[in-house]
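Since we're looking at a predicted model, the values are computed, not measured. Order of listing sets the numbers, starting from 1, for every ligand and every atom in it.
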Amino acid sequence: MKLAIIPGDGIGREVMEAELTVLDALCLDEERILFQIGYGKWERTKSAITDEDIAGIKECNCVLFGAITTPPDPDYRSVLVRLRKELDLYANIRPFTPLKTVKLPCAKTFDFVIVRENTEGMYSGIEELHKDAAYTTRIITRNGCQRIAERACSLAKERKKQITIVHKANVLKSDTLFRDICIDVAKKNGILYRETLVDTMAYEMILHPEKFDVIVTTNLFGDILSDEAAAIAGGLGLCPSANIGDHHALFEPIHGSAPDIAGKGIANPIAAILSLKMMLEWSGKIKEARSIESAIDSVLASRIKTHDLGGTYTTMEVAKAIAELVLDKNKN
Ligand code: NAI
Ligand code: MG
């Protein structure tokens, strides 16, 4: 397997080093191609990613991604948004299954997945910036809705056979299309559905997270709701994601480059390591994926954890502890 490795910026580089340490422990025969793209490259060259980079990434089977800084600068275009479009990674799958050993801020237990449309909506990239007004075009297409709804339903078939459609169709007319298509697809697939307005969802997720299983929503809503979900699942440092298309896939923690802690070696590597686990599941390496999951549980149970979880260990100390257990497991 040919893997594109994109460490990116800030803690992206630190958690990628950690992730690759665990990948080393699996002793697979993958080929790794490094792409040094992102804000750092933009500062050096005024280009965060080139067409050549995109072509190289497309030649790989999949991508392991750290995190990339996106400054609020009108001249800078998000690298990740571009990659998601160029590779047509239309489904962003974000599982929120709390780890056994992590203390949650809420009393209730839960296990849900956010299926976020990943290529259109408010992240269409069609924007106009004038002196006294600015416009962003929100794009919702039949094809975009259809394929994300199909993804959500096929995931629901493996789980509780129900989806929650999250939208704002009472105000945003573009969301009536999203809502109607999701309902059609759910009916055709024999999946139970209910719908919730996004603001109500933000509230319900805190009070009753146990009510949800597969949640399907548009790009910006999915982005915001998944950081909220991370807060109730123990923190951004624990939450992975898979960006899936028909021909490519990219695996990344849901967090960003965290400039407030970058360079200190204290970022939690578990979100990135769980993203590696999602990549292994995607490529059919189920035994290896399980070994990562159980190693993480054991390491956290022995109180080897980073600052955000109340520990004192560094990013690499946690990663090496996980890697050692993974190595042992795969030797036996
Ligand atoms: P962020 O996710 O980087 O950080 C939010 C908060 O969570 C910070 O306090 C940070 O210290 C903490 N945090 C995040 N990951 C952590 C980890 N692994 N361990 C411990 N604590 C962790 O979001 P923020 O600060 O809003 O964005 C920073 C930069 O990252 C921005 O330029 C933003 O555009 C970019 N970004 C990139 C993403 C990506 O590449 N996928 C996703 C989100 C933001
Ligand atoms: Mg986000």
- Query: Mind checking whether V63 and H248 have side chains closer than 4.5 Å, heavy atoms only?
  - Reply: no

- Query: Are M279 and M1 close enough that some pair of their side-chain heavy atoms sits under 4.5 Å apart?
  - Reply: yes

- Any N or O on I266 sitting closer than 3.5 Å to an N or O of ligand 1? no

- Item | Protein contact to atom 43 (C) of ligand 1 [nearest heavy atom, distance to 0.1 Å] | G256 CA, 3.5 Å

- Does even one non-hydrogen atom of F65 get within less than 4.0 Å of ligand 1? yes

- Note on the structure: In D223, the N/O/S atom nearest the Mg ion (ligand 2) carries the name OD1

- Test item: N92 side-chain N/O and N118 main-chain N/O as donor-acceptor pair under 3.5 Å: no

- Message: If the cut-off is 4.0 Å to any non-hydrogen atom of A267, which atoms of ligand 1 fall inside it?
- Response: 19 (N)

- Message: Closer than 4.0 Å to some heavy atom of A67 - which atoms of ligand 1 meet that?
- Response: 40 (O)

- Message: Any protein heavy atom at under 4.0 Å, with atom 12 (C) of ligand 1 as the reference point?
- Response: no

- Note on the structure: Short version for L236: what comes under 4.0 Å of ligand 1, heavy atoms counted, is side chain

- Message: Among all the protein's non-hydrogen atoms, which is closest to atom 35 (C) of ligand 1, and how far away is it?
- Response: I68 O, 3.4 Å

- Between D227 and ligand 1, which part of the residue brings a heavy atom under 4.0 Å of the ligand: side chain, backbone, both or neither? neither

- Message: Can you tell me if K2 has over 12 outside heavy atoms packed within less than 6.0 Å of its NZ?
- Response: yes

- Item | Closest candidate by heavy atom, reference atom 41 (N) of ligand 1, pool E252, E14, R84 | E252

- When you measure from the side chain of E14 to the backbone N and O of G263, does any donor-acceptor pair fall under 3.5 Å? yes

- Which protein heavy atom lies closest to atom 21 (N) of ligand 1, and at what distance to 0.1 Å? I261 CD1, 3.6 Å

- Does D260 approach ligand 1 within less than 4.0 angstrom via side chain, backbone, both or neither, non-hydrogen atoms only? side chain

- Task: Run the numbers for me: atoms of ligand 1, each under 4.0 Å from some heavy atom of L80, listed by number.
- Result: 39 (C), 41 (N)

- Task: Could you check T218, N243, N219 and say which one makes a side-chain hydrogen bond (donor to acceptor under 3.5 Å, both in side chains) with R116?
- Result: N219

- So which protein heavy atom does atom 29 (C) of ligand 1 come closest to, and at what separation? S257 OG, 3.2 Å

- Task: Determine yes or no for a side-chain-to-main-chain donor-acceptor pair under 3.5 angstrom, with D227 supplying the side chain and I224 the backbone.
- Result: no

- Region of A271 engaging ligand 1 - heavy atom pairs below 4.0 Å: neither

- Message: I'd like to know if the side chain of S174 reaches the main chain of I140, judged simply by a donor and an acceptor atom lying under 3.5 Å from each other, with no hydrogens or angles considered.
- Response: no

- Would you kindly specify which portion of T70 sits under 4.0 Å from ligand 1, judged on non-hydrogen atoms: side chain, backbone, both or neither? both

- Message: Looking at atom 26 (O) of ligand 1, tell me if a protein heavy atom falls under 4.0 Å from it.
- Response: no

- Looking only at protein heavy atoms, which one is nearest to atom 14 (C) of ligand 1, and how far off is it? H255 CB, 3.6 Å

- Query: Rounded to the nearest 0.5 Å, how far apart are CE of M16 and OG1 of T315?
  - Reply: 13.5 Å

- Task: Tell me whether the guanidinium CZ or amine NZ of R138 lies under 6.0 angstrom from the six-membered ring centre of F221 and within 45° of its axis.
- Result: yes

- Message: Run the side-chain contact (heavy atoms from CB on, under 4.5 Å) test on I163 and L155 for me, step by step, so that the C-alpha distance in whole Å, both residues' side-chain angles and the decisive distance to 0.1 Å come before the verdict.
- Response: CA-CA 9 Å; I163 59 169; L155 194 57; over 6 Å; no

- Ranked by distance from atom 18 (N) of ligand 1, the top protein heavy atom is N268 O, 3.0 Å

- Among all protein heavy atoms, pick the one closest to atom 3 (O) of ligand 1 and tell me residue, atom and distance. A258 N, 2.8 Å

- For T119 and E117, test the side chains for any donor-to-acceptor distance below 3.5 angstrom and give the result as yes or no. yes

- Please could you name the atoms of ligand 1 that I11 approaches to less than 4.0 Å, counting only its heavy atoms? 15 (N), 16 (C), 17 (C), 18 (N)

- State the atoms of ligand 1, each with its element, that fall below the 4.0 Å cut-off from a heavy-atom position in P259. 28 (C)

- Message: Would you call the rings of F112 and F212 parallel, tilted or perpendicular, taking 30° and 60° as the class edges?
- Response: perpendicular

- Message: Take a 6.0 Å sphere around NE2 of H247 and say whether it holds more than 12 heavy atoms from other residues, nucleotides or ligands.
- Response: no

- Please indicate whether any nitrogen or oxygen in G237 is less than 3.5 Å from any nitrogen or oxygen in ligand 1. no

